[in-house]
Amino acid sequence: MAHSKARATDGKVTYPPGVKEISDKISKEEMVRRLKMVVKTFMDMDQDSEEEKELYLNLALHLASDFFLKHPDKDVRLLVACCLADIFRIYAPEAPYTSPDKLKDIFMFITRQLKGLEDTKSAQFNRYFYLLENIAWVKSYNICFELEDSNEIFTQLYRTLFQVINNGHNQKVHMHMVDLMSSIICEGDTVSQELLDTVLVNLVPAHKNLNKQAYDLAKALLKRTAQAIEPYITNFFNQVLMLGKTSVSDLSEHVFDLILELYNIDSHLLLSVLPQLEFKLKSNDNDERLQVVKLLAKMFGAKDSELAAQNKPLWQCYLGRFNDIHVPIRLECVKFASHCLMNHPDLAKDLTEYLRVRSHDPEEAIRHDVIVSIVTAAKKDLSLVNDALLNFVKERTLDKRWRVRKEAMMGLASIYRKYSLQGEGGREASKQISWIKDKLLHIYYQNSIDDRLLVERVFAQYMVPHNLETTERMKCLYYLYATLDTNAVKALNEMWKCQNLLRHHVKDLLDLIKKPKSEASSKAVFAKVMVITRNLPDPGKAQDFVKKLAQVLDDDERIRDQLETLVSPTCSCKQAEVCVRDITKKLGSPKQPSNPFLEMVKFLLERIAPVHIDTESISALIKQVNKSIDGTADDEEEGVPTEEAIRAGLELLKVLSFTHPVSFHSAETFESLLGCLKMDDEKVAEAALQIFKNTGSKMEESFPHIKSVLLPVLQAKAKRGPPRQAKYAIHCINAMFSNRDTHFAQIFEPLHKGLDPANLEQLITPLTTLGHLAQLAPEQFAAPLKSLVANFIVKDLLMNDRIPGKKTTKLWVPDDEVSPETLAKIQGIKLMVRWLLGVKNNQSKSGNSTLRMLTAILHSDGDLTEQGRMGKPDMSRLRLAAACALLKLAQEPCYHEIITLEQYQLCALVINDECYQVRQCFSQKLHRGLCRLRLPLEYMAVFALCAKDPVKERRAHARQCLAKNVNIRREYLKQHAAISDKLFSLLPEYVVPYTIHLLAHDPDYVKVQDIEQLKEIKEALWFVLEIIMAKNENNSHAFIRKMVENIKQTKDAQAPTDSKTNEKLYTVCDVAMHIIMSKSTTYSLESPKDPVLPSRFFTKPDKNFSNTKNYLPPEMKSFFTPGKPKSANVLGAVNKPLSSAGKQLQSKASRMETASNDDSSSNPGSPQRSKTRHDSTEMDHSENEDISLKRADNKTFLGTMSFLLQDIEKPRGRKRGVTTSDDQDNKPKRGRKKGAANTTTAAESEDQWDEDNRPEDEQNSPPKKGRRGRPPKSAAPKEEEDREDDRSSENMEVKTKGGRQTRAPRRSQG
């Protein structure tokens, strides 16, 4: 050993055996060969070889000389580096090099050689790997901890390793690199910012995307050294986030990206950093808050993140940003919700309230993204979203903005298709979203054409996909129709009707185009173009496009033929698809990808193409109904009881028979319908009869074998079937058979002769049948019909009470409890009216006699004989029948002319009947007649009396009806600008004179100057004027003012010489004038035209008479509050305004939440106003409903009228105050037996049919008007509170001990 030391100190280099001196005097190849042998020698040595260590000490020092460290050949450098690595291993823990500079040079040299790891295909890669493995295993770099320049060495090493790592390296290379770098961090005293940056820079997204392996290496290193490196990471973020020292690192601008990456790597790295984020969430800098929100959104929303549970204060602080004042921040929060719902369903409860508030956000984009977030989560898994979240989407289908509404509707549609149609979530999921189909169809009630078109598209693509095979498509439609609610069914029916109507318009356009060119044909084409335009979005632009289409159709015969095929009743669904494809292909242009004209044509084709229904489809639908009848269908599996499925299927066929009658023309279809006629279910047979009526026009010639079987069935139904089936049977014969007179005679004669008033139950069907025969063939049976009406209907039936009515306090009972005698009398009244409607003339004065009969029924409260034998419910039914009969006759011009003002006013008072169902059904009939523009305009004034109705829903419903009628008339006038001669009968403003006249003759208006009575007049006037004045088109406010002024210059034509009657008229005019002045700022302008007053109601103005007197008492002026009238919500509960509901939550950070999307509708100074959107949803379902008597006690209106439990003798009697003797003279008398001048007795009623030769004025003058009953309003508030009570209790009669009617305090309406 001593010898070895001597040799080491003498400076002579000892080489391994066989290795000669290595110097610059030998060739490169020889040097490499000799170095390999040296490498082999050092590789074989271990730390225990003390002798060899001493022997080769000078060699170790020699290899560290600059000659080798700076050698130009890379192979030499690599071999030297391998030797040096082994030298550090062998001489560990003390290195043979003592100079700090030399150590630095050596480690920098080794680091440079590690760059050779980059090329995995290199022949020398194994040596580079050996070098890495050696220094990693020995932790050679730890020697540098004592060096001043250690940071530079470590930093260079880290940079080199991160640069060379690539996807060619195996797991061992990766592991050795991590080992090498982690030892430096874990065993060192400190980690410099520069070194930390070298690691963290690989986490920045830009670097991460460039070198994924470097990112993985940094990730592994940080996981390995988490505990050791965490203080340095915390210090870095403290410097940047809290102290704002961005200069400490070049990575300062990427701080939020780094936090996210570090959290994903190991959340423990950020234990001290996360609280700093809560501080940053409250920063005053919008951009900074936005960055933090984006960061936390990713952290909270990550799939396996437990941050919300681990750091609840931070989670709550983050939720607060949903209400941030900065729009992009709220938007970011809403977008985050989707990932959070999908990855963390347990947080849905926390998010729900914040999403509710944001669903009402003033910003359209935020409301839109709320929908996107909820729908995205729901489409992934329905269990991720609760019912409240889905309800937010439902609300947004009524948003003000089309983009939001569209997103909500499409989102619900896609959810419905996935979970209900495709059944992905099972029966529970399907049940949870069963409301979606109804909601989507309800949107068809909206006025916007965009909404309606989208509903049609959703129906064709999501609810009943048109690309399904025919049998499957019809099965889908069958069960959908069976499970829809009433309003959705109506919407779907309306959709088909609208599409069918547009199809006919296009067919008419094609017919006009084919006609020879002329000025008249050009005008007709333009008119038809305008009609079609109104059925497309953006009518302004659509008009030009439809004109262009008309020109294309004129020029291109092929496109015209394709379109004719498409609108043909015989077009099949497959043909329709081909036609649509060919037309769009011909009109499209590859050079013009965005073609607005083509888009409009596609909209039109979508609406008119029969993609669901054709002959094959109807046949498949019939088979599906037959399966249900046979019990072989999947009704129970689909969740539909078989009876309901059959009934719904027949109803569906009935609707389709209106819109697609030709599709029913097949023997198979008609034979199946014949089978339905023989079923016991009355509804099924009724529907089958209606289908035959609608589709059987060509049956006689095309299907004679069906005709021969059907005719006896129809005759039997007409004679002995249920009343409704008898009605449809008659209409079937009328529509289907050419020799109908013969068949009618075969039915009429036996029924006419067999009428027996003693057998009342067997009388109802014959009277129904005879009534429809009288309407369809009045001339054929002229003589027997007149005799039948005069002798049997009036004398034997209406003027006799054979069976005493049940004693009950109820005013209404269900249909099945109505006595046969009452039902027969109702049919008798209908027979008279139908006969008159069939005759359509009053030459025989039968119209006058019928009108007197009907008014006598109303005078006597329904008890025509006044013997007191009828029950209250029966009297209510007869009052309703008489009033509806008057409305029917008023729709025929020849009878409208002979209805006196007294008769009109008596009929109007039925809308204030004491019986709720009478008021309800009468207002429905009134509304329907006005909507069809069949009833004269004065009947619209009747709705003013609804202001007195004690039930809030009835007032609201009447208001909706009135608003819809006004809109219909205005729209009609816009579309038919040329009909100025009919302006007087159509312009809604002309209802004001009728309303004033009607209220002036209101039986409740007794004392001219009575404040309470004038307040009621004011409420009734405002009920009408609020809607009329909502739009001041063409200066209509001044026009109304002028009308009122003109009325004051006339006299009441009903009693022109009666000073008190005229004083009432002028007082009502003054009330109207004060309302106009208080609600309008333009009333004083010049009237656009001079109004015309109805001559039947007012005398001609006297030029010498100037009425400038103010008839109102001074104290009345305080009741006229100024304010602008608000537009009414026309469509009721289903068709709500496009707005959000409910109050917005408020917070200091989110003052913008006070700005909501609500579109409220108010009535200044009126209790009838709809105070919130919630109120509107409680209104009557829809004024479009055809409510039959059978549904009269439907729970649509759940309130009870406890006011009828007041101590009153006559519930229908209208409340009176104590009147003076002067007032008594002018007070209307009640039509009872007290005097011949004041009543129509039974004997007189009989004579009315025999005395046809009396003077017309005598026949037209009914008895003086008795007061009609109105329900008291005193208990109305209680009624509204108790509306959940049984409806029957509202129609109860309670008598006072004294037998006199007591006056209950009126409900305030001021």
Side-chain angles (χ1 to χ4, degrees), residues 901-902 904-906 908-909 912 941 944-945 947-948 992-1025 1041 1043-1078 1093 1097-1099 1101-1102 1105-1120 1165 1213-1230 1264-1268 1270 1273 1301 1303 1305-1310:
L901 294 182
E902 290 81 0
Y904 157 71
Q905 290 155 5
L906 190 62
L909 289 173
N912 287 142
L945 300 178
K948 298 172 179 286
V992 175
Y994 298 120
T995 307
I996 290 173
H997 190 276
L998 183 63
L999 293 175
H1001 289 268
D1002 187 336
D1004 275 352
Y1005 186 27
V1006 180
K1007 297 177 69 175
V1008 179
Q1009 298 290 307
D1010 184 90
I1011 294 296
E1012 289 301 315
Q1013 293 177 22
L1014 287 175
K1015 282 167 66 177
E1016 289 197 353
I1017 294 291
K1018 174 224 163 195
E1019 289 301 330
L1021 276 169
W1022 176 240
F1023 197 81
V1024 173
L1025 285 173
R1041 183 217 77 221
M1043 268 194 295
V1044 177
E1045 287 178 350
N1046 287 1
I1047 293 172
K1048 283 191 71 173
Q1049 307 307 316
T1050 69
K1051 293 185 178 180
D1052 191 332
Q1054 192 170 342
T1057 59
D1058 188 329
S1059 60
K1060 186 169 184 180
T1061 300
N1062 286 312
E1063 186 183 354
K1064 285 183 181 179
L1065 179 67
Y1066 302 147
T1067 306
V1068 176
C1069 283
D1070 280 343
V1071 173
M1073 185 63 75
H1074 277 78
I1075 291 174
I1076 295 166
M1077 292 167 64
S1078 64
L1093 297 178
F1097 291 75
F1098 307 100
T1099 62
D1102 187 351
F1105 176 63
S1106 178
N1107 187 2
T1108 58
K1109 180 182 175 182
N1110 183 2
Y1111 291 83
L1112 288 181
E1115 57 268 32
M1116 188 64 194
K1117 292 181 181 179
S1118 62
F1119 295 103
F1120 296 99
R1214 296 171 65 175
K1215 300 177 291 296
R1216 295 283 195 273
V1218 178
T1219 57
T1220 63
S1221 57
D1222 293 337
D1223 293 329
Q1224 292 291 345
D1225 295 336
N1226 292 292
K1227 183 175 179 178
K1229 307 295 185 197
R1230 181 177 180 82
K1264 288 185 180 179
K1265 177 175 63 178
R1267 59 185 175 91
R1268 278 293 313 121
R1270 289 182 182 171
K1273 301 177 72 173
Q1301 178 177 323
R1303 176 186 175 90
R1306 286 191 180 275
R1307 176 178 175 169
S1308 171
Q1309 299 190 32

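Computed over heavy atoms, backbone and side chain alike; hydrogens, waters and symmetry mates excluded. This is a predicted model, so every value here is computed, not measured.
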*Asks:* In Å and rounded to the nearest 0.5 Å, what is the NZ to CG distance from K1060 to D1052?
*Replies:* 14.0 Å
*Asks:* Q1009 versus M1116: any side-chain heavy-atom pair under 4.5 Å?
*Replies:* no
*Asks:* Using every non-hydrogen atom in the two residues, find where A947 and A1020 come nearest and quote the distance to one decimal.
*Replies:* CB-CA, 3.7 Å
*Asks:* Test T1061 against Q1054 for side chain to side chain contact (heavy atoms under 4.5 Å, CB included), laying out the working first.
*Replies:* CA-CA 9 Å; T1061 300; Q1054 192 170 342; 5.9 Å; no
*Asks:* Supply the atom-to-atom distance L1093 CG to Y994 OH, rounded to the nearest 0.5 angstrom.
*Replies:* 9.5 Å
*Asks:* For side chain to side chain contact (heavy atoms under 4.5 Å, CB included), just list the numbers for M1077 and R1041, CA-CA rounded to whole Å, side-chain angles, deciding distance to a tenth of an Å, and then say yes or no.
*Replies:* CA-CA 9 Å; M1077 292 167 64; R1041 183 217 77 221; over 6 Å; no
*Asks:* Would you give the length of the straight line joining atom CG of L1021 to atom OG1 of T995, rounded to the nearest 0.5 angstrom?
*Replies:* 7.0 Å
*Asks:* Apply side chain to side chain contact (heavy atoms under 4.5 Å, CB included) to V1068 and Y1111, showing your working.
*Replies:* CA-CA 9 Å; V1068 176; Y1111 291 83; over 6 Å; no
*Asks:* Once you round to the nearest 0.5 Å, how far does CG of L901 lie from NE2 of H1001?
*Replies:* 7.5 Å
*Asks:* Is it the case that the side chain of N912 and the backbone of L945 share a donor-acceptor pair, with hydrogens and angles ignored and the cut-off at 3.5 Å?
*Replies:* yes
*Asks:* Kindly say whether V1006 contributes a backbone atom to a donor-acceptor pair with the side chain of Q1013 at under 3.5 angstrom?
*Replies:* yes
*Asks:* Rounded to the nearest 0.5 Å, how far apart are CG of L1065 and CD of E1063?
*Replies:* 11.0 Å
*Asks:* Could you state the interatomic distance from CD (E1016) to NZ (K948), rounded to the nearest 0.5 Å?
*Replies:* 4.0 Å
*Asks:* For the backbone of N1107 and the side chain of Q1049, can you confirm whether one donor and one acceptor N or O come within less than 3.5 Å of each other?
*Replies:* yes
*Asks:* Ignoring hydrogens and angles, tell me if any N or O in the side chain of Y1066 forms a donor-acceptor pair with the backbone of C1069 under 3.5 Å.
*Replies:* no
*Asks:* Do any N or O atoms from the side chain of K1051 and from the backbone of F1098 form a donor-acceptor pair under 3.5 angstrom?
*Replies:* no
*Asks:* Could you tell me if the side chain of H1074 sits less than 4.5 Å from the side chain of K1018, heavy atoms only?
*Replies:* no
*Asks:* Has the side chain of N1062 got a donor or acceptor atom that lies under 3.5 Å from a matching backbone atom of P1056?
*Replies:* yes
*Asks:* Should L1014 and Y1005 count as side-chain neighbours, where that means a heavy-atom distance under 4.5 Å?
*Replies:* yes
*Asks:* K1048: which residues meet the side chain to side chain donor-acceptor pair (under 3.5 Å) condition with it, sequence neighbours left out?
*Replies:* D1070
